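Working notes, structure below.
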Amino acid sequence: MAPTYDDSSAHHSVQANARRAADLVNALADDAEPKETAAVTAAVAAVLRAYGETEPFVLTPADLADLRAAARRLREVFAAEDADEAAVRLNRLLASGTGPLRLTTHGGTTSWHPHLDSGDDAPWAEWFLASSCLALAVLLWDRRRPPGGVCASPSCPNVYVMEGRGPNRRYCSRRCATRERVAAHRARTRPPGAPEATDEALRGDRVTS
């Protein structure tokens, strides 16, 4: 679950907006078994609430379809192998899915901050794509590396944001990193002919992320 941010200025920080982008991409992911519309709506609303967006959240089936389409396009940025490819994909999205840079306070309810959507009442998908592109572009510019990645665990489709200036991450959470280390260890030590551990067994080795 995404952390809750209480300071209104944090709601519009680059890092927070990038994390929100990743959390929404994950909430809107095209799973092998499609989620019920109500479940997706609840997941999206939970992310919006965690990052301080103003309720109520009115999300129609058409809104969800457009949000999912935007999430698929943003996932391509997270999946880029290097900064150059991430920049190419971001430039493509900035050219086709965002408007001119503007500053807003949302009617005096927040501090001034930049937007790339067409207005404060822009459709959900337009806002999601524009705000995510802006945050991810600034992270790439500032850190000279991809702004995020896709979890290296074969059983996890989640995307994540690179944190700070340390080594590049490979996993979305400590839980996934630990599960893959356990799987690799078991593969090295498994006697010849012994069955492989199931995904369910590996998921039992959990570390709180």
Side-chain angles (χ1 to χ4, degrees), residues 1-29 35 37-60 63-75 77-78 90 93-94 97-99 101-143 146-151 156-164 169 172-175 208-209:
M1 175 59 65
T4 299
Y5 296 90
D6 295 323
D7 178 8
S8 62
S9 65
H11 300 160
H12 304 290
S13 74
V14 170
Q15 194 73 26
N17 284 359
R19 291 191 193 112
R20 183 185 64 201
D23 288 343
L24 285 172
V25 168
N26 293 336
L28 292 157
K35 301 174 186 173
T37 298
V40 177
T41 301
V44 170
V47 174
L48 295 175
R49 189 177 301 111
Y51 286 91
E53 296 302 321
T54 304
E55 297 189 72
F57 308 124
V58 180
L59 296 167
T60 67
D63 289 329
L64 287 179
D66 290 343
L67 283 166
R68 275 180 159 145
R72 286 191 290 270
R73 299 177 73 187
L74 287 165
R75 178 176 285 275
V77 177
F78 286 97
L90 273 170
L93 292 181
L94 288 165
T98 67
L101 183 68
R102 65 187 181 86
L103 294 170
T104 182
T105 63
H106 297 287
T109 60
T110 71
S111 58
W112 288 103
H113 61 279
H115 269 238
L116 285 174
D117 50 12
S118 58
D120 290 349
D121 58 350
W124 281 110
E126 181 187 339
W127 163 82
F128 171 40
L129 186 64
S131 63
S132 300
C133 284
L134 179 59
L136 296 174
V138 172
L139 286 184
L140 189 155
W141 170 29
D142 180 54
R143 298 173 183 175
V150 178
C151 188
C156 178
N158 283 351
V159 303
Y160 58 86
V161 173
M162 296 291 186
E163 302 286 347
R169 293 169 56 184
C172 68
S173 65
R174 290 175 55 200
R175 176 178 299 176
T208 302
S209 60

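Positions are given from 1, in the same order as the sequence printed here. In this text, all values refer to a predicted model and were calculated from it rather than measured experimentally.
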Tell me the closest heavy-atom pair linking [X] and [Y], and the distance in Å.
X	Y	answer
V161	A22	CG2-CB, 4.0 Å
M162	P146	CG-O, 3.5 Å
V150	R75	CG1-NH1, 4.3 Å
C156	C172	SG-SG, 3.6 Å
A18	A135	N-CB, 3.7 Å

Partner residues of [X] under the side-chain contact (heavy atoms from CB on, under 4.5 Å) criterion, sequence neighbours left out:
X	result
S118	A122, E126
R73	L93, S96, L129
A45	R49, F57
P147	V77, A86, L136, L139, L140

Could you measure the distance from the [atom1] atom of [X] to the [atom2] atom of [Y]? Nearest 0.5 Å is fine.
X	Y	atom1	atom2	result
F128	L28	CZ	CG	6.0 Å
T41	L59	OG1	CG	6.0 Å
L116	S131	CG	OG	9.0 Å
H113	L103	NE2	CG	9.0 Å
L101	L94	CG	CG	10.5 Å
W124	L64	CH2	CG	11.0 Å

Donor-acceptor pair, side chain of [X] and main chain of [Y], under 3.5 angstrom:
X	Y	answer
T110	T105	yes
R20	S132	no
W127	H115	no

Sub-4.5 Å side-chain heavy-atom contact between P123 and D66: no
Salt bridge (charged side-chain N to carboxylate O under 4.0 Å, His left out) contacts touching residues 114-125 (sequence neighbours left out): R102-D117, R102-D120
Salt-bridge present (R143, E163; N to O < 4.0 Å): no
Derivation and outcome, side-chain contact (heavy atoms from CB on, under 4.5 Å), residues H106 and T54: CA-CA 11 Å; H106 297 287; T54 304; over 6 Å; no
Sequence-distant partners of T60, side chain to side chain donor-acceptor pair (under 3.5 Å), two or more places apart: D63
